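Predicted model, so just to flag it, every value in this text is computed and none were measured.
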Amino acid sequence: MTAADQETVWAKTCEFFYELGFAHAIFGYSPDSWGARLGSPEDYLILSTFDAEVSARLIGEGHYLQSLTFHWALNNVGVASWSKSAAECGLAADYVAKPASLEFFERHGLVSGCCVGFPNVRTRGKAVLALIAPADVPQAEVDEWLLKYDTLIFVAATIAHNQLSTLPYPTPRGQLTDRQREVLEWVAEGKTSADIATIMGLSAPTVDKHLRLARETLGVETTAHALVKAAFLNQVFMSRKPEIGSGARKLEQFKPSGEGST
């Protein structure tokens, strides 16, 4: 609850679920999603205890979209066992995942576990947490864990999600500079470029340059979209600056205590 960076939150979260028996965890958050639209994958925050190559393939090759309970967690709140059927997950009863994805799951030990769906407090932003059991633990045993720890898992996961989704993190293009952040915040106050130039003691062209660079950093075309996206990425209106190189990495590998360090 008091962690100031995503790396610490993620490490504590993984350690907690490791103590419950889970070998791996994957957290995915799309800040710019709404309805059925997930937003651009390049803006996803992906935290994973798998190595970077496995995590990158999971997202880049779209294998995560073949998970039944991933879809359940996008549209429901709670903990879903991987034993749920396609129909229970809101998919066609005859739905079958692509063979390449099934092979990927089997090869990397994603065969038993659960997914967690979170309450949405705003109209944009969706997140899913997957907890993966050790490869030698059958789903039936995981389901016994869920009977015991369902509420505990949900509460701990939701606290972690709330922290991870509200701490600043950069886009793949980097994060806003102090100047870019400041001019966007003045735009949010309804100020024009001329107004901002007077307030900040800059020339109007310099203000326009900072706005252009902010748009490029965020990968958008308009200043209005830049302001909205920066807000979703928690890069404006911050009480403190994000720490460079802390927990804001796109792919994070964690090993529980006794097996190494982050």
Side-chain angles (χ1 to χ4, degrees), residues 10 13-14 17-18 20-118 125-143 145-146 153-154 157 160-161 164-165 172 249-255:
W10 182 239
T13 300
C14 293
F17 287 118
Y18 179 78
L20 287 184
F22 293 99
H24 287 285
I26 306 171
F27 176 79
Y29 175 58
S30 174
D32 198 22
S33 64
W34 69 91
R37 183 183 178 279
L38 284 177
S40 172
E42 72 174 12
D43 291 333
Y44 293 174
L45 171 67
I46 305 297
L47 301 171
S48 171
T49 58
F50 288 97
D51 64 45
E53 180 183 357
V54 172
S55 301
R57 289 190 59 199
L58 178 70
I59 304 303
E61 296 176 9
H63 297 305
Y64 69 103
L65 293 171
Q66 299 300 304
S67 165
L68 302 181
T69 48
F70 170 81
H71 293 281
W72 184 94
L74 281 179
N75 300 295
N76 295 274
V77 176
V79 181
S81 163
W82 284 4
S83 62
K84 277 185 176 294
S85 67
E88 289 174 320
C89 292
L91 301 170
D94 60 351
Y95 176 87
V96 177
K98 294 179 179 178
S101 295
L102 294 175
E103 191 273 335
F104 178 87
F105 297 151
E106 184 73 29
R107 177 155 34 97
H108 296 292
L110 289 90
V111 294
S112 58
C114 64
C115 284
V116 183
F118 302 101
K126 286 182 179 277
V128 173
L129 175 70
L131 298 173
I132 300 95
D136 59 348
V137 174
Q139 185 62 48
E141 186 172 337
V142 175
D143 289 344
W145 298 354
L146 299 184
I153 289 171
F154 177 70
H161 163 55
L164 290 168
S165 62
R249 301 172 187 172
K250 298 300 286 186
L251 293 173
E252 192 72 59
Q253 184 177 6
F254 169 82
K255 293 181 180 179

Does [X] reach the main-chain N or O of [Y] with its side chain, forming a donor-acceptor pair under 3.5 Å?
X      : Y      : value
Ser112 : Val137 : yes
Lys126 : Leu74  : yes
Gln66  : Lys98  : yes

Distance (rounded to the nearest 0.5 Å) between [X] [atom1] and [Y] [atom2]:
X      : Y      : atom1 : atom2 : result
Ile46  : Leu58  : CD1   : CG    : 7.5 Å
Glu103 : Ser101 : CD    : OG    : 9.5 Å
Ser83  : Asp143 : OG    : CG    : 4.0 Å
Thr49  : Tyr18  : OG1   : OH    : 11.0 Å
Leu131 : Leu146 : CG    : CG    : 9.0 Å

If we only count heavy atoms from C-beta on, is the [X] to [Y] side-chain gap below 4.5 Å?
X      : Y      : result
Phe50  : Leu110 : yes
Val111 : Trp82  : no
Leu164 : Phe27  : yes
Tyr64  : Tyr44  : yes
Trp145 : Leu20  : no

Closest heavy-atom pair and its distance - [X], [Y]:
X      : Y      : result
Trp10  : Ala25  : CZ2-O, 3.6 Å
Cys115 : Thr69  : SG-OG1, 3.4 Å
Ser67  : His71  : O-CD2, 3.1 Å
Leu129 : Phe17  : CD2-CE1, 3.9 Å
Ala86  : Tyr95  : CB-CB, 3.9 Å
Gly109 : Ile132 : O-CG2, 3.4 Å

Check this for me: Glu106, atom CD, are more than 12 non-hydrogen atoms of other residues, nucleotides or ligands nearer than 6.0 Å?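 Counting neighbours around CD of Glu106, 12 or fewer heavy atoms of other residues, nucleotides or ligands fall under 6.0 Å, so no.
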Which residues pass the ring-ring contact (aromatic ring centres under 6.0 Å, His included) test with Phe104, not counting sequence neighbours?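 Testing Phe104 for ring-ring contact (aromatic ring centres under 6.0 Å, His included), a comparison that skips the adjacent residues, returns His63, His108.
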Show your reasoning for whether side-chain contact (heavy atoms from CB on, under 4.5 Å) applies to Trp72 and Glu88. CA-CA 8 Å; Trp72 184 94; Glu88 289 174 320; 5.8 Å; no
